[in-house]
2 protein chains.
Amino acid sequence: MKRQVLIYGLIGGLLITVLKWTEYRFLVIEHSIEIYGALVAALFAGLGIWLGQTLTRKKPAVILKEVPTAAAGPFAADEMRVSELGITARELEILGLIASGLSNREIAGRLFVSENTVKTHSSRLFDKLGAKRRTQAVQIGKTARLIP
Amino acid sequence: MKRQVLIYGLIGGLLITVLKWTEYRFLVIEHSIEIYGALVAALFAGLGIWLGQTLTRKKPAVILKEVPTAAAGPFAADEMRVSELGITARELEILGLIASGLSNREIAGRLFVSENTVKTHSSRLFDKLGAKRRTQAVQIGKTARLIP
DNA sequence: TGCAAAATCACCCAAAAGGGTGACGACAAC
DNA sequence: GTTGTCGTCACCCTTTTGGGTGATTTTGCA
């Protein structure tokens, strides 16, 4: 912005000089008319700039660029915390299935075991996680990086 | 920048020519000063607009936006899909609370509404999401980027 | 101002989930 | 061979969740 003002000032000065030069060069009548013209010119040039800036102002064209932030790689459960909490492989498996939104019956069907088995597994799982609900177990499991 | 100076020179020359022309043309007419001023004003207004546009033209501002493909970042719900599914703000809020592992009663307490209200909200939410269980709703909500 | 959407609440009923207890077989470790 | 863990299953009971219906109040927008 500073450079603009500078350039504009220079141009204005140059302009006045030119006008004065034309005044001396082509002086026939009143020499005030050129100065008058220069003033008007400068004024309206400023106005023009302001107008051009104001009327045609468009928001900075935002170009969105996708930057993949840590594209989740193949997940691996945090072995540390798993053994820390004493969670068995079966329980972890069931936690994953719970997180994917399956009911106990669906889990039982998928693992070819009875629904009661799933319930005991999940019961012990919740106990180890300190969860009271399956949704809470999922939340805890995610923050503890037991599941993706 | 060089071309600008060139163009400016040309315009200056043209201007002088025009001025001379108008000078000769309307010299005989005594009341030409207003027309002269207006002409200069209009000309410089146009020039000002052009200048303002040219000098202050910014390159298309490319703003890199981190689009977390799979992880992290201050989360913002996918407005598109939210309105697409007809999910209201309240329902989205409750989805978030469900995802954080709260029971309906706890959600009701936190939002200062009755448990029944939470149940109707979640019921309609599951309907819109096509979920049968809250865990499934959470799973769908996460993959649809409705919740973190 | 008046309508439509959203938010609120109630009641009933069925299904799912969760807690507790007990039991049994397989398998590895001591 | 005893012990401990793991996976499996059953039964009972309570709590939570979900479905359906209806109604009232708030609110945003035309």
Side-chain angles (χ1 to χ4, degrees), chain A residues 77-144 146-147, chain B residues 77-144 146-147:
Chain A
D78 192 333
E79 310 275 355
M80 200 78 76
R81 231 162 319 214
V82 168
S83 58
E84 210 167 81
L85 294 169
I87 296 176
T88 71
R90 201 58 156 171
E91 288 163 354
L92 192 61
E93 188 179 7
I94 284 181
L95 176 59
L97 293 173
I98 288 177
S100 71
L102 299 179
S103 70
N104 287 338
R105 187 163 304 172
E106 289 167 337
I107 295 174
R110 185 166 300 199
L111 297 183
F112 304 105
V113 295
S114 91
E115 194 179 334
N116 284 314
T117 302
V118 176
K119 286 172 73 174
T120 45
H121 279 315
S122 57
S123 214
R124 285 201 282 251
L125 176 67
F126 298 159
D127 220 42
K128 292 169 182 174
L129 288 178
K132 298 204 175 305
R133 283 163 289 284
R134 42 178 49 214
T135 48
Q136 197 180 359
V138 168
Q139 200 271 331
I140 294 174
K142 278 184 187 293
T143 59
L146 304 177
I147 46 177
Chain B
D78 191 332
E79 310 275 355
M80 198 78 77
R81 234 164 315 217
V82 168
S83 58
E84 207 167 84
L85 294 169
I87 295 176
T88 71
R90 200 58 155 170
E91 288 163 354
L92 193 61
E93 188 179 9
I94 284 181
L95 176 59
L97 293 174
I98 287 177
S100 72
L102 299 179
S103 71
N104 287 338
R105 185 163 304 172
E106 288 167 337
I107 294 174
R110 183 168 302 199
L111 297 183
F112 303 105
V113 296
S114 90
E115 195 179 335
N116 285 314
T117 303
V118 176
K119 286 173 71 175
T120 43
H121 279 316
S122 56
S123 214
R124 284 201 284 255
L125 176 67
F126 298 159
D127 221 41
K128 291 169 183 173
L129 288 179
K132 298 203 176 305
R133 281 165 291 284
R134 41 179 51 216
T135 47
Q136 197 180 359
V138 169
Q139 198 271 331
I140 294 174
K142 278 184 187 292
T143 60
L146 304 177
I147 45 177

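Lettering of chains follows the sequences in order, A, B, ..., and the numbering in each one begins at 1.
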Along DNA chain D, 5' to 3', what are the outermost nucleotides having an atom less than 4.0 Å from a heavy atom of chain B? D:dT16 to D:dG19
Expected string for nucleotides 20-30 of chain C under the B/S/- scheme (protein heavy atoms, under 4.0 Å, primed atoms plus P, OP1, OP2 as sugar-phosphate) is -----------
Would you mind reading off the bend of the helix from C:dT1-D:dA30 to C:dC30-D:dG1 from its two end axes, five pairs each, to 10 degrees? 50°
Compare every heavy atom of A:I87 with every heavy atom of A:L92, then report the nearest pair and how far apart it is. N-CG2, 3.9 Å
Heavy-atom pair with the smallest gap, counting every atom of B:I147 and B:A99: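 It is CD1-CB, 3.8 Å.
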Among the nucleotides C:dC9, C:dT8, C:dA6, which one has an atom lying closest to any side-chain atom of B:S114? C:dC9
Quick one, which residues of residues 97-110 of chain B touch DNA chain C with a heavy atom under 4.0 Å? none
At under 4.0 Å between heavy atoms, what does A:K119 touch on the DNA or RNA strands: base, sugar-phosphate, or nothing? base
Start with the C-alpha distance between B:V113 and B:R90, add both sets of side-chain angles, then the distance that settles side chain to side chain contact (heavy atoms under 4.5 Å, CB included), and finish with yes or no. CA-CA 12 Å; B:V113 296; B:R90 200 58 155 170; 3.8 Å; yes
Residues passing the side-chain contact (heavy atoms from CB on, under 4.5 Å) test with A:R81, sequence neighbours excluded, are A:D78, A:E84, A:A144, A:L146
Can you list everything that forms a side-chain contact (heavy atoms from CB on, under 4.5 Å) with A:L102? Sequence neighbours excluded, please. A:L97, A:S100, A:E106, A:I107, A:R110
Has A:R133 got a side-chain N or O lying under 4.0 Å from the OP1 or OP2 atom of C:dA17? no
Spell out, as yes or no, whether a donor-acceptor pair under 3.5 Å connects the side chain of B:K119 to the backbone of B:N104. no
